[in-house]
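Worksheet: one structure, shown below.
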Number of protein chains: 2
Amino acid sequence: MTKQKDAVKVSKDEKKRPLRADALRNEDAVLQAAKEIFLTSGVNAPVRDIAAKAGVGIGTLYRRFPQRSDLVASVFRREVDDCAAKATTLATENAPLKALKLWLKCYVDFLATKKGLAAALHSGDPAFEALPAYFRANFEPALTSLLIAARDSGEIKEVVDPYDLLRAIGNLSVTNNADDIKHTYRILDLLINGLQFEKKTSRGV
Amino acid sequence: MTKQKDAVKVSKDEKKRPLRADALRNEDAVLQAAKEIFLTSGVNAPVRDIAAKAGVGIGTLYRRFPQRSDLVASVFRREVDDCAAKATTLATENAPLKALKLWLKCYVDFLATKKGLAAALHSGDPAFEALPAYFRANFEPALTSLLIAARDSGEIKEVVDPYDLLRAIGNLSVTNNADDIKHTYRILDLLINGLQFEKKTSRGV
DNA sequence: TTGACAAGCGGAACATTGCTCCACATACTC
DNA sequence: GAGTATGTGGAGCAATGTTCCGCTTGTCAA
């Protein structure tokens with residue numbers, strides 16, 4: 001209503017005001033603390049522990065994340081963002097095939113830390129409903145660009161459907177235990193190897 | 001130590017004494033109540049509700065099932081037992097193929113009520129670790145005998161690997177929503193149909 | 001049938017944890 | 001520097017898992 005608000009509004013593109021600096025800091029601290037605690041104690045860790053680790057009060061945490069599940073979902077989204085963003089970084093710093101390999105390893109590592117979350121995803125909590133779509137919406141383009149770059153450079157012959165590949169690796173990781181990650185890496189090598197050569201025409205069985 | 005105890009011990013095969021009659025009744029009531037409540041409210045339903053529905057005190061429930069997860073696991077085992085036992089019943093009351101069909105439908109229904117449990121199974125709680133093995137140890141023989149009977153009677157041509165079939169149907173059920181059970185039935189019909197005819201030699205792709 | 005007592009029962013009480021509320025603090029605007 | 005919207009912190013509430021223990025009851029020898 002007032003001039004000030006309008007002035008502020010102009011400087012920002014949507015809401016009335018930017019978040020206060022301390023609020024931003026706190027939000028970041030909470031997400032970081034939650035990420036670490038989820039990793040060590042699982043997604044069912046007490047909210048109090050997360051607030052304590054982040055050095056903020058419980059009220060602060062709840063203002064930003066009204067429900068436990070909101071926090072879990074935010075951490076998840078943030079990690080998806082990080083992992084997907086790494087595709088760009090890796091692509092600029094490495095040859096296409098190398099970038100592809102490195103990123104797929106990142107992806108496996110990402111999955112490896114999501115054990116407890118798989119259970120949460122199936123809990124029926126509405127806060128989690130959008131996560132699979134978010135997952136796909138971020139990872140599929142990331143992998144697609146890596147695959148295309150590798151094919152254009154001639155380092156791989158085939159471009160598999162990115163979603164198929166993501167799912168295949170996902171299934172690998174889900175079925176295996178935490179310490180089977182070596183096994184997952186080996187199968188991953190096999191998959192990458194397969195990408196590098198002309199597909200033979202399959203016949204019979 | 002005393003004669004009495006020895007006498008009792010002889011009449012029983014393992015522990016010192018049989019469970020008191022009321023204790024047995026209560027255990028049964030709790031399992032029944034838990035089964036119903038898990039179905040309507042999920043496996044996270046309050047323990048108090050279950051005790052109330054069973055008409056017993058909380059202490060009674062906790063004596064028999066020291067942890068929530070013990071109760072969940074017991075209910076699960078009991079349902080596995082029931083479902084597996086039905087294979088025998090159905091086999092004696094029906095022609096082999098009919099028995100097979102009916103049992104697979106039972107199995108689908110069993111799976112349909114296990115949505116919340118899938119999440120619990122991946123929660124990492126040690127009480128659940130043995131459940132997948134229990135699942136397989138009971139269902140695989142049950143299905144095997146039905147399949148063999150149907151093949152011996154000539155009603156089906158192929159005997160697929162029972163575990164493959166169990167898993168395939170399991171995956172069907174997991175991927176689909178609760179009201180997609182009709183769809184699962186249709187695919188199940190297809191599978192059964194496939195069993196009834198000679199397998200064609202596959203070629204290409 | 002009865003008495004003795006171990007086995008079992010029930011629920012009050014405690015512990016943990018998700019979440020709310022509001023008096024107080026502080027970053028931002030002018 | 002003052003005023004105020006914004007944000008903070010943690011006490012406290014409610015729900016729920018779990019323990020504890022005095023009372024009740026099924027069981028069995030006599």
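Naming convention: chains lettered A, B, ... in sequence-line order (proteins, then strands); numbering from 1 in each chain.
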Worksheet item: Under the side-chain hydrogen bond (donor to acceptor under 3.5 Å, both in side chains) criterion, do B/Ser153 and B/Glu155 qualify, and how do the steps go?
Response: CA-CA 6 Å; B/Ser153 77; B/Glu155 289 179 288; 3.1 Å; yes

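With hydrogens and angles ignored, the 3.5 Å screen pairs a side-chain donor or acceptor of B/Asn94 with a backbone N or O of B/Leu90. A distance-only check finds no donor-acceptor pair linking the side chain of A/Asp164 to the backbone of A/Asp161 [under 3.5 Å]. Judged by distance alone, the side chain of B/Asp28 and the main-chain N or O of B/Leu24 form no donor-acceptor pair under 3.5 Å. Formation of a donor-acceptor pair under 3.5 Å by the A/Ser41 side chain with backbone atoms of A/Phe38 is not found in this model.
The salt bridge (charged side-chain N to carboxylate O under 4.0 Å, His left out) pairs that include a residue from residues 131-151 of chain A are A/Arg136-A/Glu140, where partners are two or more places apart or lie in different chains. Legend: salt bridge (charged side-chain N to carboxylate O under 4.0 Å, His left out) pairs involving residues 83-102 of chain B, not counting sequence neighbours: none detected.
In the region residues 59-74 of chain B, proximity to DNA chain C at under 4.0 angstrom, judged on heavy atoms, holds for B/Gly59, B/Thr60, B/Arg63, B/Arg64. Shown for residues 27-38 of chain B: no residue has heavy atoms falling under 4.0 angstrom of DNA chain D.
The residue among A/Ile58 and B/Pro46 whose nearest nucleotide of DNA chain D is located toward the 5' end is A/Ile58.
Remark: B/Lys114 engages B/Glu79 in a side-chain hydrogen bond (donor to acceptor under 3.5 Å, both in side chains) (not counting sequence neighbours). A/Tyr107 is linked by a ring pair (Phe, Tyr, Trp, His ring centres under 6.0 Å) to A/Trp103, A/Phe139, counting only residues two or more places apart in sequence or in another chain. Applying the side-chain hydrogen bond (donor to acceptor under 3.5 Å, both in side chains) criterion to B/Tyr163, with sequence neighbours excluded, gives no partner residue. Under the side-chain hydrogen bond (donor to acceptor under 3.5 Å, both in side chains) criterion, A/Thr88 pairs with no residue, sequence neighbours left out. Remark: A/Asp22 pairs with A/Arg20 by the side-chain hydrogen bond (donor to acceptor under 3.5 Å, both in side chains) rule, at least two apart or across chains.
Note: CG (B/Leu24) to P (C/dG8) measures 9 Å, nearest angstrom. Rounded to whole Å, atom P of C/dG18 lies 8 Å from atom CG of A/Asn44.
Interface remark: the B/Arg48 side chain does not form any donor-acceptor pair with the C/dG10 base, using a distance-only criterion of under 3.5 Å.
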For residues 47-66 of chain B, which side-chain donor-acceptor pairs fall under 3.5 Å, sequence neighbours excluded?
from	atom 1	to	atom 2	distance (Å)
B/Lys53	NZ	B/Glu36	OE1	3.3
B/Arg64	NE	B/Glu27	OE1	3.4

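As judged by a 4.0 angstrom heavy-atom cut-off over every strand, B/Ala45 is placed among residues touching the sugar-phosphate backbone only.
Taking side-chain N and O atoms only, B/Asn26 has a distance below 4.0 Å to OP1 or OP2 of C/dC9.
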Find every protein N or O atom lying less than 3.5 Å from an N or O atom of nucleotides 25-27 of chain C, and list the pairs.
from	atom 1	to	atom 2	distance (Å)
C/dT26	O2	A/Arg20	NH1	3.1
C/dA27	O4'	A/Arg20	NE	3.4

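Axis deviation across the helix from C/dT1-D/dA30 to C/dC30-D/dG1 amounts to 20°, comparing end segments of five pairs, rounded to 10 degrees.
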